[in-house]
2 protein chains.
Amino acid sequence: MRVGYLQFCPRFGEVEGNLGRVLSLLGEKEAHLWVLPELFSTGYQFVSRAEVRELAEPVPDGPTTQALTSWAQERGCYIAYGLAELAGEKLYNSAALVGPEGLLFLYRKAHLFYREKEFFTPGDTPFGVVNVKGVPVGLMVCFDHLFPEAARTLALKGAQIIAHPANLVLPGVAQLTMRVRALENRVFTVTANRIGEESRAGERLKFTGQSQIVSPHGEVLASSGEEAEEAVTVEIDPAAALDKDITFLNNLFSDRRVDLYELCGGKGE
Amino acid sequence: MRVGYLQFCPRFGEVEGNLGRVLSLLGEKEAHLWVLPELFSTGYQFVSRAEVRELAEPVPDGPTTQALTSWAQERGCYIAYGLAELAGEKLYNSAALVGPEGLLFLYRKAHLFYREKEFFTPGDTPFGVVNVKGVPVGLMVCFDHLFPEAARTLALKGAQIIAHPANLVLPGVAQLTMRVRALENRVFTVTANRIGEESRAGERLKFTGQSQIVSPHGEVLASSGEEAEEAVTVEIDPAAALDKDITFLNNLFSDRRVDLYELCGGKGE
């Protein structure tokens with residue numbers, strides 16, 4: 001299975017232009033599963049809820065999801081991507097996964113970062129997993145990386161690959177945590193970060209790139225610099241994420257001491 | 001507050017000699033809280049339960065705990081250390097924390113690694129926190145590092161410092177995970193690993209040193225190489241671990257979406 005990320009610089013508010021740019025960059029390569037950055041079609045730095053509402057789209061009926069679905073159908077591939085979602089009166093920082101069958105999964109970001117809290121409603125969708133060519137894939141978005149329970153929930157639900165659209169500003173932090181998310185859950189992770197700067201309402205943000213694909217052993221299989229605009233793919237064997245045996249006496253999941261974990265949260269166990 | 005670790009090479013089975021060596025190395029420096037490696041007094045590579053039983057000691061009445069308590073009383077300091085514990089008929093891979101008041105906490109390793117499962121009973125003590133000079137300190141041992149719920153439980157119970165006695169054999173893995181444990185919980189971590197080799201019953205283990213002290217921001221404040229035998233101390237401000245605010249809109253703990261964490265384990269929430 002070939003997985004890939006697209007690291008690029010969205011231009012704020014230029015939904016159609018960003019979508020075109022993405023499809024042109026993706027068109028240069030082949031992958032079974034692509035991961036795009038968070039809020040890839042709108043840009044990040046909103047200054048008001050009204051502005052988000054103007055750019056947000058319903059899923060799956062909005063033009064961005066429709067266009068990506070068409071493209072997935074033409075190519076026979078799957079795409080995980082972040083976008084501003086309009087759901088009735090509510091706005092979510094969401095990630096969707098589309099394929100030839102249409103929309104497979106919608107995840108609304110659980111852990112909102114900084115001013116996102118002023119514009120978006122916290123996610124109300126469960127951390128979930130869908131089948132992509134027979135491989136369970138989970139979705140999380142950007143800041144979710146800092147909360148180990150997010151990736152843990154996905155892995156315990158069977159995720160072999162975690163698709164992680166991001167708009168990271170701190171250099172090196174999520175690159176570290178995502179290696180550990182991969183290691184501690186024995187899953188592949190694909191972090192697609194954006195690059196470039198946005199400067200709005202007196203606040204300047206620099207996005208730090210360094211997108212990466214990590215193996216279940218925490219090895220960085222591919223990564224990008226802080227400036228490169230590129231689509232990067234890697235051939236992986238998703239079955240490697242099924243082997244949770246650390247030694248012949250240790251299994252990453254059955255060794256868990258749920259009886260001793262307190263306060264961590266965990267309905268269903 | 002000055003915290004430190006001792007990285008050294010225990011000699012297998014030489015309990016008295018190892019204790020003497022430790023006290024001599026610690027005597028060269030001052031710290032309020034010392035962390036020693038896992039199973040520091042016995043060595044690691046047991047070949048039978050009978051052998052463990054011969055070297056294991058009750059806590060707090062065994063000679064190792066008594067000697068360390070006396071030393072802590074003389075120096076007015078605290079020591080977290082790993083030892084083979086004899087408790088009735090059971091054997092545990094335990095960590096204890098002693099100070100001038102005597103034994104403050106006993107933790108029995110929850111996640112046993114590899115052949116430890118053949119010799120030790122899995123821990124039955126909760127992940128817990130005790131006051132060391134007014135600072136809540138939690139204990140975990142070696143392989144616990146790979147399970148994010150261990151450090152998470154300690155941090156949610158108020159730990160500002162996690163003392164982490166270890167006998168690590170994989171180079172670089174726990175050094176990575178413990179940086180993330182510190183980051184994702186905003187706590188200090190002190191990992192005391194051993195060095196040297198043991199070769200028993202046809203199996204050779206090389207312990208990888210690289211002990212480290214990490215700040216709540218994931219910075220490595222001090223670390224050792226793979227061969228050095230040394231006591232290393234760092235002055236820290238434990239109050240830095242009280243600040244869980246990532247931004248003025250984000251708090252590491254109150255941002256947790258316990259409603260969405262599934263299967264992670266978490267009685268009490």
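Letters A, B, ... mirror the listed sequences (proteins, then strands); counts begin at 1.
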Could you look at [X] and say if it's the side chain, the backbone, both or neither that has a heavy atom under 4.5 Å from chain A?
X: B/Glu118; value: side chain
X: B/Phe113; value: both
X: B/Arg181; value: side chain
X: B/Leu112; value: backbone

- Message: Counting heavy-atom pairs under 4.5 Å with chain B, which one of A/Leu252, A/Leu183, A/Asp124 comes out on top?
- Response: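 Option with the greatest count: A/Leu252.
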- With a 4.5 Å cut-off on heavy-atom pairs, point out which of A/Ile246, A/Leu154, A/Leu176, A/Thr125 contacts chain B the most.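 Option with the top pair count is A/Leu176.
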- Query: Say you draw a straight line from CZ of B/Arg115 to CG of A/Asn250; how long is it, rounded to the nearest 0.5 Å?
  - Reply: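 One finds 11.5 Å between CZ of B/Arg115 and CG of A/Asn250.
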- Distance in Å, B/Phe147 CZ paired with A/Asn185 CG, rounded so as to fall on 0.5 Å steps: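 So the CZ of B/Phe147 and the CG of A/Asn185 are separated by 10.5 Å.
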- Identify which one of A/Leu146, A/Thr177, A/Val173 satisfies the side chain to side chain contact (heavy atoms under 4.5 Å, CB included) criterion when paired with B/Val180. A/Thr177
- Message: For B/Tyr114 and A/Phe248, I'd like to know if the aromatic rings sit close, meaning centre-to-centre distance below 6.0 Å.
- Response: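 Yes, they do, as the ring centres are separated by less than 6.0 Å.
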- Is the shortest heavy-atom distance from the side chain of A/Glu149 to the side chain of B/Arg152 under 4.5 Å? yes
- Query: Taking the side chain as C-beta and beyond, is there a heavy-atom pair between B/Thr153 and A/Leu260 under 4.5 Å?
  - Reply: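 When only atoms from C-beta onward are counted, A/Leu260 and B/Thr153 do not touch, as no gap falls below 4.5 Å.
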- Query: Above 12 or not: heavy atoms from other molecules or residues under 6.0 Å from CD of B/Glu89?
  - Reply: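 No, not enclosed.
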- Message: Take a 6.0 Å sphere around NZ of A/Lys206 and say whether it holds more than 12 heavy atoms from other residues, nucleotides or ligands.
- Response: yes
- Taking all non-hydrogen atoms of both residues into account, name the closest pair between B/Lys157 and A/Glu262 and its distance.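 That would be NZ-OE2, 2.8 Å.
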- At their closest point, which heavy atom of A/Arg257 faces which heavy atom of B/Pro122, and how far apart are they?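 Shortest heavy-atom separation between A/Arg257 and B/Pro122 comes out as NH1-CB, 3.5 Å.
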- Message: With a 4.0 Å cut-off on N to O distance, would you call B/Lys117 and A/Asp255 a salt bridge?
- Response: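 Yes, B/Lys117 and A/Asp255 are salt-bridged.
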